[in-house]
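First up is the structure itself, then whatever we jot down about it.
The model shown is predicted, which means the values in this text are computed figures rather than measured ones.
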Amino acid sequence: MADPKGFLTTGREVAKTRPAGERVKDWNEVYVPGSLLPIISKQAGRCMDCGIPFCHNGCPLGNLIPEWNDYAYREDWTAASERLHATNNFPEFTGRLCPAPCESACVLGINQPAVTIKNVEVSIIDKAWDSGDVTPQPPERLSGKTVAVIGSGPAGLAAAQQLTRAGHTVAVYERADRIGGLLRYGIPEFKMEKSHINRRIEQMRAEGTKFRTEVEIGKDIDAAKLRRRYDAVVIAAGATVSRDLPVPGRELNGVHFAMEYLPLANKVQEGDLTVSPISAEGKHVVVIGGGDTGADCVGTAHRQGAASVTQLEIMPKPGEERNANQPWPTFPMLYKVTSAHEEGGERVYSVSTTHFEGDEDGNVQALHLVEVEFKDGKLEQKSGTERRIPAQLVTLAMGFTGTDQANGLVQQFGLELDERGNVARDADFATNVGGVFVAGDAGRGQSLIVWAIAEGRSAARGVDRFLTGASALPAPIRPTDRSLMV
């Protein structure tokens, strides 16, 4: 145990953010550089090293949280990094982007603020990179087997790294111009600077993983031909089909999916563009969707100089405390204020968009909405609550409905889908096509980054066993496992 009295003597303290007025003028990460290290050892000491650490259940990776908390408390950063990497290929990603279901399941959280597990995690990995503890781990010998991984998001990268280290020759195919999937083009720079992806890719290259960008399987390469070229294939193409809003005026200029808007802002930061073709500068911006992607749109609009930003959510405003029907250690639906919300804008709950209004040139100018409420389990409009708000840019951030089928990948492989439109798989993450496996959102549906990495690691075990007859690779989850929720 780290500090036997730590949870009694030390209060919860989280990473400090830079002043909102300062950070909206740049695209750097919102946190004060170096602010965690002076406090993180004491924060790690708040961990009680529970007899049954429920944080393990909250985290699908099965992270050894009490162990690396203990090492962080003792400032043994090398040992902490080893324990952290034992279950997680990319803790610098999860430490910045995961909503931390482990903290919701923290035993201390029953009656006190939970341990700052996420902050401890990112402190350990950042220290490990700075001190040179993160090094390539090439395999001792090669198996002679080849694997293609389709998609370079967290699931694809995790599967690729595990299989490369197991001795297989792995090539990752990505249809975008850079590796990273939604980590690269869906996550704004202010949430995670892309240097974190770049150095991890270089580590993987040094281990032997090959990367092929601007190649879309199904269009540029026939999926069936790819299968014949490799001994096994892992589909980690994500659930990239955005949920649409089929209301009058949807066709107007200025109404875009979030995944049309956010990647362009990231391309500006990569140096590919001087100005985004879809910019919020000087415009009244409306973001439809109250989740993390919506918050990313809010923060991006602030940095582009929007005249105003309004975020709409069809569901009621969540409470700030756990509801009785969401008891510990489940992941509760709570009111969350992200760094983007701290920077300004208005959040409106329990409203539904009825239609968009345009000008004579076909550009969106306003949005009409109405308040809604649940009655007998159904969502109904409240009469007399209709109103109009100005909107020259609207982003649709209402989630995703499944993996892309328009490019022919599903049809060319001959893949079977489940009842939700995801690629069906068995207990080994194998599809109905021999030697073809699926990991991440393409098989699970839209989920969290921590689940994507767990899926990639687990699918790698299935592939390794298929190729060699046995596998020593870990499999933290089964395809049927779900979040600890009520």
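- Asn89 and Gln161 share a side-chain donor-acceptor pair at under 3.5 Å.
- Here the straight-line distance linking atom CZ of Arg229 with atom CG of Asp222 works out to 10.5 Å at 0.5 Å rounding.
- With a 6.0 Å cutoff to the six-membered ring centre and a 45° limit on the axis angle, Arg199 does not count as a cation-pi contact of Phe93.
- Partner of Glu29 under the salt bridge (Lys or Arg N to Asp or Glu O under 4.0 Å) criterion, out of Arg96, Lys16, Lys191, Lys194: Arg96 alone.
- Between the side chains of Thr78 and Asp133, at least one donor N or O lies within less than 3.5 Å of an accepting N or O.
- In this structure, CE in Met259 is found 7.0 Å from CG in Asp296, a value given to the nearest 0.5 Å.
- In summary, the side chains of Thr164 and His168 do not present any donor paired with an acceptor at a separation below 3.5 Å, with no hydrogens or angles considered.
- The number of heavy-atom neighbours closer than 6.0 Å to CD of Gln405, taken from other residues, nucleotides and ligands shown, is above 12.
- Salt bridge present: Asp292 and Lys336 bring a charged side-chain N and a carboxylate O closer than 4.0 Å.
- Note on Glu343 versus Arg23: salt bridge recorded, some NZ/NE/NH1/NH2 to OD/OE distance being below 4.0 Å.
- Judged as a salt bridge (Lys or Arg N to Asp or Glu O under 4.0 Å), and not counting sequence neighbours, the contacts of Glu103 are Arg12.
- Considering Thr213, Asp272, Asn266, Asn198 in turn, Asp272 is the only one that fulfils the side-chain hydrogen bond (donor to acceptor under 3.5 Å, both in side chains) rule with Arg178.
- A tilted orientation is assigned to the rings of Trp27 and Phe190, their planes being inclined by 30° to 60°.
- Atom CH2 of Trp68 is separated from atom CG of Leu64 by 9.0 Å, given to the nearest 0.5 angstrom.
- Remark: the Asn88 side chain and the Thr94 side chain contain an N/O donor-acceptor pair separated by less than 3.5 Å.
- Thr240 and Asp404 form no side-chain donor-acceptor contact under 3.5 Å, judged by distance and modelled atom types alone.
- Under the side-chain hydrogen bond (donor to acceptor under 3.5 Å, both in side chains) criterion, Asn422 pairs with no residue at all, not counting sequence neighbours.
- Between Arg478 and Glu455 there is no salt bridge, since none of the side-chain N atoms of the basic residue sits less than 4.0 Å from a carboxylate O of the acidic one.
- Under 4.0 Å is where a charged nitrogen must lie from a carboxylate oxygen, and between Asp26 and Arg18 at least one such pair does.
- Between Arg175 atom CZ and Ser152 atom OG the span is 10.5 Å, to the nearest 0.5 Å.
- Taking a cutoff of 4.0 Å between a charged side-chain nitrogen and a carboxylate oxygen, Arg212 and Glu174 do not qualify as a salt bridge.
- In this structure, CG on Asp464 lies 14.0 Å from CZ on Arg165, to the nearest 0.5 angstrom.
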